[in-house]
Amino acid sequence: MALLDNNKDVLPLSSIAELLTTKVRTLKMYEDKGLFPSKSDSKKLYSINDVKVISFVHYLASVKKINANGIKYILEMLYTNMDEKNRKDFLDIVEQKMEKISGIDVSDVEVF
């Protein structure tokens, strides 16, 4: 049995939007503001690990109502002050908290 590679880019934004119960337009807006992990290829596919960051960004914007500059600051702190293991543990904790919130409770953010 093959193990999953959580770093392999396989998911388009449309699939991630469906997972997060949001609109692709909302995720594209986050992407345009530079809030997602950067991708060099034109297909813009994301990994499972990227989805954790994307869902965290969506949570910060839609539930906590944090603007793009605030989210950039939080992500900068996350990447500069945490090693990979602590960052993964932190995002796992956030994911558990977000599981308690249904997609209906989260409203799409059209403008920051």
Side-chain angles (χ1 to χ4, degrees):
M1 180 169 95
L3 296 175
L4 290 175
D5 181 1
N6 288 343
N7 291 314
K8 185 171 174 119
D9 295 335
V10 294
L11 293 169
L13 276 182
S14 58
S15 296
I16 297 169
E18 191 171 330
L19 288 169
L20 297 177
T21 319
T22 190
K23 297 174 186 162
V24 175
R25 181 177 64 220
T26 302
L27 296 183
K28 283 190 179 288
M29 182 184 61
Y30 300 155
E31 182 182 57
D32 291 344
K33 296 207 179 265
L35 302 177
F36 286 178
S38 61
K39 298 295 172 182
S40 58
D41 62 350
S42 61
K43 291 185 181 183
K44 300 273 176 121
L45 297 176
Y46 293 93
S47 70
I48 299 298
N49 289 335
D50 293 337
V51 171
K52 290 181 180 187
V53 174
I54 292 168
S55 64
F56 181 52
V57 166
H58 182 59
Y59 170 78
L60 291 174
S62 59
V63 175
K64 294 300 184 181
K65 306 295 185 202
I66 298 174
N67 67 21
N69 288 332
I71 293 171
K72 283 182 183 179
Y73 179 75
I74 291 168
L75 293 175
E76 181 182 328
M77 293 296 104
L78 191 70
Y79 284 101
T80 58
N81 295 319
M82 288 185 177
D83 62 12
E84 190 173 336
K85 183 193 179 320
N86 285 326
R87 188 170 46 249
K88 181 191 173 306
D89 292 345
F90 173 76
L91 289 173
D92 287 343
I93 291 168
V94 170
E95 185 178 12
Q96 290 170 1
K97 289 183 182 272
M98 288 188 304
E99 284 175 357
K100 295 177 183 174
I101 301 172
S102 75
I104 297 167
D105 296 332
V106 178
S107 59
D108 277 339
V109 177
E110 295 299 325
V111 181
F112 276 100

Return the minimal non-hydrogen interatomic distance between [X] and [Y], and the atom names on each side.
X     : Y     : result
Met82 : Arg87 : O-NH1, 3.0 Å
Ile54 : Pro37 : CG1-CD, 4.4 Å
Ala61 : Tyr30 : CB-OH, 3.5 Å
Ser15 : Leu11 : CB-CD2, 4.1 Å

Close side-chain approach of [X] and [Y], heavy atoms under 4.5 Å:
X     : Y     : answer
Leu20 : Leu27 : yes
Phe36 : Ile16 : no
Leu60 : Ile74 : yes

Atom [atom1] of [X] and atom [atom2] of [Y]: how far apart are they, to the nearest 0.5 Å?
X     : Y     : atom1 : atom2 : result
Asn49 : Asn7  : CG    : CG    : 4.5 Å
Lys72 : Lys33 : NZ    : NZ    : 8.0 Å
Lys97 : Ile93 : NZ    : CD1   : 8.0 Å
Asp92 : Lys52 : CG    : NZ    : 4.0 Å
Lys23 : Ser14 : NZ    : OG    : 16.0 Å
Asp83 : Lys88 : CG    : NZ    : 12.0 Å

Legend entry - Pair Lys28 + Asp32: basic N to acidic O under 4.0 Å: no
Legend entry - Derivation of the side-chain contact (heavy atoms from CB on, under 4.5 Å) call for Leu13 and Tyr46: CA-CA 8 Å; Leu13 276 182; Tyr46 293 93; 3.8 Å; yes
Inset, instruction - Kindly work out whether a path of hydrophobic side-chain contacts (I/L/V/M/F/W/Y, heavy atoms less than 4.5 Å apart) joins Val24 to Leu45. - result: no
Legend entry - Parallel, tilted or perpendicular: rings of Phe90 and Phe56 (30°, 60°): perpendicular
